[in-house]
Amino acid sequence: MPYAVGYPPPSGASVKQRSAPAKTGQSKIPDSSFWDTLHQNGPRIASGELCFAVYKNRNGENAWQHWECIGKGQEKDFRKMFVIVNVDDLEGYLGLADVDKARVDELLGFATPSVTKKPHVTSHTQPDMNTPNAIPGRSSPPFTPRVARVPDISEVMGSNNQALRDKAGRSTKGQGPESSSHLRPPPAPTTATSENIPTIDVPQSHVVSYPEDLKEEGNHHFRNGAYETAIHSYGKAIGKLSHLHLNYMFYNFPSAMRSDPIFYTNRAAAYMALKRFKEATEDCEIATRLQAHNPSSKTLGRLAKCYLALGNPRSALGAARAAIGRDSAPTNPAFATKAIAEQMRLCVDGIGAALGRKSWGEAKDLIQKATALCEGGCPAQWCVWEVELEMARCDWVEATAVAKNALVFHPESADVLTTSARVHLLHDRIWPSILSCRSALRANPDHSSAQALLHRINGIIQARQEGHRLDGSNKAIEASEKYSWALNLIGCEEEEGQGGYLRVTLLGDRANAYMRLRRFDQARDDHLAALSIPNHPWRLEALDRLVKCYIALGDPEAALLQVKVALELDPLYKSILALESTAKGMQANLRRSREAWAQKKWINAKLALALAIAACHGDCPLQWSIWRVEIEIAIGDWDNAISMAEAVVKLHSTSAHAYALLGLAMMLSNNLALCLLPLGTALDLDCENPLAANMLRRAKDIETIKEEGNQAFRSGKYPEAVQKYGDTLEIIGNDDTEGGGGHLRAVLLANRATALLKMERHARALADIVESLELQPTSFEALRTHARVCMAQGYYEKAIAIYIQARILWPSGESNAAERGMIAQELQDAEAALRISRSKDYHEILSVPFGASETEVKKAYRRCSLLFHPDKGGNPEHFKLVSEAYSVLSNSSL
């Protein structure tokens with residue numbers, strides 16, 4: 001398994017194994033690609049930012065023909081390689097004793113000693129595994145550690161080593177800032193042996209003299225307030241120490257050649273004075289790692305302040321507690337830092353809880369309080385929260401201002417740029433949102449939120465443009481689908497201000513498409529959704545369209561409420577004033593229709609409702625359609641009632657009440673078998689619909705009892721038939737709102753009149769048949785029964801007229817030929833009876849003068865009855881003539 005230099009080796013691995021020289025036969029640096037890598041990335045390799053990943057051969061050797069140059073932190077991605085090698089281990093792994101070391105040093109960007117060194121085997125001091133081998137120095141222009149001249153070995157050791165300088169045979173000429181030797185091709189490798197490489201001991205004082213001078217220089221500038229210059233001096237010192245260490249890494253130099261933590265701590269203080277807390281945090285963290293075994297309280301205290309200034313209270317608390325643990329004196333500034341960090345932590349926790357409860361105002365107050373505690377200004381994440389709070393409150397002007405202010409402090413933050421793009425998008429500013437997204441991706445190409453937002457923006461633009469194109473081509477259905485697609489991409493999350501102005505615009509576009517399709521209910525819903533978004537930019541125009549939708553849907557009360565809201569915004573808005581007049585007229589007609597219904601003036605109710613419907617530009621509302629069917633049922637126009645009910649059911653297939661009315665109309669029109677289906681459908685849609693349940697029960701009872709009455713009539717059981725028909729008529733009733741019982745009641749009345757006629761109960765039969773003809777004047781069977789009753793009572797002239805009317809209405813066809821023949825025969829019998837009756841003088845039979853009054857006829861009838869009644873011993877035939885004469889003369893109006 002591979003392991004990285006700077007971390008403890010795995011169990012069983014030793015320093016000697018990591019630093020062992022190449023085996024015999026091991027492949028050396030194979031080609032120019034390795035040298036090109038050193039040439040292009042020398043300083044980064046020297047600083048430890050890059051290292052080499054070497055694969056393992058089958059025989060266990062390091063295969064340099066299969067190697068990778070990788071960055072720090074990528075070691076875990078290389079699981080098949082033998083070892084991770086950085087610049088400190090190059091000699092042992094590459095066998096640099098057999099190559100020209102100057103070539104490597106030159107490409108790494110350093111001047112090299114003019115000596116030939118002995119091979120580095122196991123005598124090389126292994127760096128601390130818990131700290132970096134070489135720490136990159138931060139510097140400000142014009143200081144550049146890569147080209148800075150490092151003192152020659154002779155300068156370090158002093159002038160007494162002239163013989164050693166002469167023996168080295170290597171000069172540093174041309175290696176200064178003006179030199180371009182690093183651009184020349186690398187020299188050919190030379191061979192060195194262990195016999196001609198001396199061991200050199202360098203005094204520590206000579207190694208650190210130059211960095212110490214730079215540190216004093218930096219301290220001087222820091223005390224004078226020249227923080228930038230101080231930072232430059234500290235950076236030069238860090239760079240020199242790092243270069244010295246790397247340049248002499250193959251010799252037994254003391255550990256003081258490594259970078260001293262005090263340089264990083266001092267530079268962090270200078271960064272903090274300039275409010276550059278991010279750089280200060282990095283330096284403090286490096287200093288803490290260099291002091292891994294015993295970090296100083298000052299370093300930890302400064303690190304806690306940096307964390308606090310960057311808005312990281314939890315890390316600040318940890319660092320402050322560690323600082324207090326090393327110095328618990330009351331004067332330690334870490335105590336104050338800890339107190340502030342605890343307050344900030346409470347604020348940050350409160351922000352999260354407030355956001356979870358959607359308490360936007362509380363969250364905003366906590367962010368402002370936490371920002372006041374943050375010396376480094378509002379962190380990027382807090383800026384994002386603040387912008388999102390303004391978005392949730394739908395305050396787009398403030399959200400834009402906060403996002404703009406956040407970009408001033410965090411111009412390279414991908415999170416802030418992405419949030420700014422969301423603000424522009426929801427504010428219906430498409431192009432600025434695209435630019436912000438692209439800037440976020442330039443700052444962080446792998447930022448997933450920016451990538452998703454840019455994809456979302458492109459989808460919205462495409463759908464919106466396609467919808468506009470289809471809308472302009474009179475393809476409203478396809479346009480509404482495109483608008484719906486764009487609205488789905490926008491969403492209506494409360495955290496994004498319910499979609500903002502962009503959602504308002506697209507809802508208006510889709511509502512207009514729905515209005516062109518006369519789908520006013522969907523258009524109304526879209527306008528209401530748009531108006532529910534706070535700070536609606538086109539509120540008056542949306543209210544105008546919403547009023548039109550309400551009028552088209554037949555809801556004048558709701559339309560007038562929206563008119564009132566619109567007139568508060570603009571009392572002189574002409575379109576709204578015209579719509580107000582229309583809504584008031586519709587409201588008045590509906591009121592007249594209801595009043596006429598209450599007074600049972602069905603025709604007036606029908607006319608008023610028709611006027612209200614005429615003002616409705618859309619489809620007739622469901623409630624109005626139901627009223628129309630109910631009015632037709634009350635009038636008794638069964639054909640219109642059934643056709644209207646079927647039309648309502650077709651448009652509103654989920655209305656249980658409409659199906660129930662269709663079943664009622666069919667039942668009252670004497671279609672008992674057909675009415676069961678719509679009544680059952682109504683109960684399927686609404687099992688608790690009272691009208692459907694009542695009608696279904698009544699229809700079944702009527703059908704059963706009516707069939708029993710018909711069976712009794714066919715069996716000659718006329719009294720039983722009369723009883724059954726009477727029970728059925730009680731179930732039907734004669735409610736005026738149900739057309740007095742309709743054709744169904746008319747048929748049953750005619751059946752009962754026929755049974756009564758068989759029983760020679762002429763007066764009651766006449767009453768039933770007259771009521772039946774009032775309900776169904778065109779029933780030819782009822783007319784025939786009426787004529788028969790008139791014949792039985794001796795009203796021959798009336799019977800003849802009714803027979804003629806029945807013959808006209810009787811349907812033609814071969815199936816009805818027998819019935820028509822029977823009508824003709826009964827008509828002839830009535831005419832014959834009339835001729836016979838005209839031969840009798842009824843005035844003479846009763847002994848009254850012609851033109852006698854009804855009172856005189858009645859007195860004469862009583863007198864003759866006493867004389868000719870069979871019970872008194874009179875002549876029965878003569879008594880019949882007396883009764884006939886009285887019947888004719890007393891009912892002369894018939």
Side-chain angles (χ1 to χ4, degrees), residues 380-381 383-392 394-397 399-404 406-407 410-514 516 522 526 529-530 533 535-538 542:
Q381 182 58 45
C383 291
V384 171
W385 285 348
E386 193 170 1
V387 174
E388 289 177 345
L389 287 176
E390 299 300 339
M391 290 167 58
C394 299
D395 192 345
W396 302 106
V397 176
T400 304
V402 173
K404 185 177 180 180
L407 288 173
H410 308 282
E412 299 297 329
S413 173
D415 290 335
V416 175
L417 287 166
T418 303
T419 305
S420 176
R422 288 170 59 199
V423 173
H424 288 309
L425 173 65
L426 299 176
H427 204 183
D428 199 11
R429 300 168 63 186
I430 301 296
W431 183 242
S433 68
I434 294 176
L435 294 179
S436 296
C437 269
R438 291 177 178 174
S439 299
L441 290 175
R442 281 195 297 269
N444 184 1
D446 298 327
H447 198 271
S448 59
S449 297
Q451 293 173 352
L453 182 60
L454 186 60
H455 179 72
R456 178 183 174 193
I457 293 171
N458 291 332
I460 292 171
I461 292 175
Q462 180 181 358
R464 187 178 184 180
Q465 291 178 348
E466 189 68 16
H468 288 166
R469 185 186 65 79
L470 293 170
D471 215 354
S473 303
N474 294 324
K475 297 179 179 179
I477 296 178
E478 294 82 355
S480 63
E481 293 175 354
K482 293 297 181 180
Y483 293 141
S484 299
W485 183 22
L487 287 168
N488 290 334
L489 291 175
I490 296 171
C492 58
E493 297 295 332
E494 187 175 356
E495 291 78 3
E496 291 189 342
Q498 303 177 36
Y501 292 173
L502 181 60
R503 182 172 178 81
V504 168
T505 303
L506 284 169
L507 283 172
D509 292 340
R510 188 173 69 173
N512 292 337
Y514 283 148
R516 281 189 285 275
Q522 293 174 307
D526 277 355
I533 299 175
N535 302 323
H536 193 297
W538 308 285

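Note that the numbering runs from 1 along the sequence shown for the chain.
If you take OH on Y483 and OG1 on T505, they are separated by 11.0 Å, rounding to the nearest 0.5 Å. The CZ atom of R503 sits 8.0 Å away from atom CG of D526, with the distance rounded to the nearest 0.5 Å. With rounding to the nearest 0.5 angstrom, the CG atom of L507 is 5.0 Å from the CG atom of L487. Here the straight-line distance linking atom CD of E412 with atom CG of L417 works out to 7.5 Å at 0.5 Å rounding. Between atom CG of residue L441 and atom OG of residue S448 there is a gap of 10.0 Å, rounded to the nearest 0.5 Å. Note that CD1 of I460 and CG of L425 are 5.0 Å apart. Values are rounded to the nearest 0.5 Å.
Judged as a side-chain contact (heavy atoms from CB on, under 4.5 Å), and not counting sequence neighbours, the contacts of Q465 are I461. In this structure, the side-chain contact (heavy atoms from CB on, under 4.5 Å) partners of E466, at least two apart in sequence or on a different chain, are R469, L470, K482. For S449, the side-chain contact (heavy atoms from CB on, under 4.5 Å) test picks out T418, H447, with sequence neighbours left out. With sequence neighbours excluded, the residues satisfying side-chain hydrogen bond (donor to acceptor under 3.5 Å, both in side chains) with H468 are D509. Legend: residues meeting side-chain hydrogen bond (donor to acceptor under 3.5 Å, both in side chains) with Q462, ordered by chain and number and at least two apart, are absent. With sequence neighbours excluded, the residues forming a side-chain contact (heavy atoms from CB on, under 4.5 Å) with L435 are W431, listed by chain and number. Take E496 and apply the salt bridge (charged side-chain N to carboxylate O under 4.0 Å, His left out) test, not counting sequence neighbours, and it matches R422, R456.
For the pair Q451 (side chain) and P445 (backbone), a donor-acceptor distance under 3.5 Å is present. S436 places no side-chain N or O within donor-acceptor distance of the main-chain N or O of S433, the cut-off being under 3.5 Å. Of the possible polar contacts, one joining the S484 side chain to the S480 backbone as a donor-acceptor pair under 3.5 Å is found.
For the pair D471/R516, a side-chain contact is recorded, criterion being any heavy-atom separation below 4.5 Å from C-beta on.
Shortest non-hydrogen contact noted between H427 and Y501 is CD2-CD1, 3.0 Å. Nearest heavy-atom pair, A530 versus V504, reported as atom, atom and distance to 0.1 Å: O-CG2, 4.0 Å. Minimum interatomic distance between I490 and L426 (heavy atoms only, all atoms of both residues): CG2-CD2, 4.3 Å. The nearest pair of heavy atoms linking A440 to A450 is CB-CB, 3.9 Å. Nearest heavy-atom pair, L489 versus G459, reported as atom, atom and distance to 0.1 Å: CD1-C, 3.5 Å.
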- Task: Give the C-alpha distance, both sets of side-chain angles, the deciding distance and a yes or no for side chain to side chain contact (heavy atoms under 4.5 Å, CB included) between E390 and W396.
- Result: CA-CA 7 Å; E390 299 300 339; W396 302 106; over 6 Å; no
- Might you work through the side chain to side chain contact (heavy atoms under 4.5 Å, CB included) test for R442 and S439, ending with a clear yes or no? CA-CA 5 Å; R442 281 195 297 269; S439 299; 3.0 Å; yes
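Sorted by first and then second residue, the salt bridge (charged side-chain N to carboxylate O under 4.0 Å, His left out) pairs with a member in residues 424-441 read D428-R464; sequence neighbours excluded.
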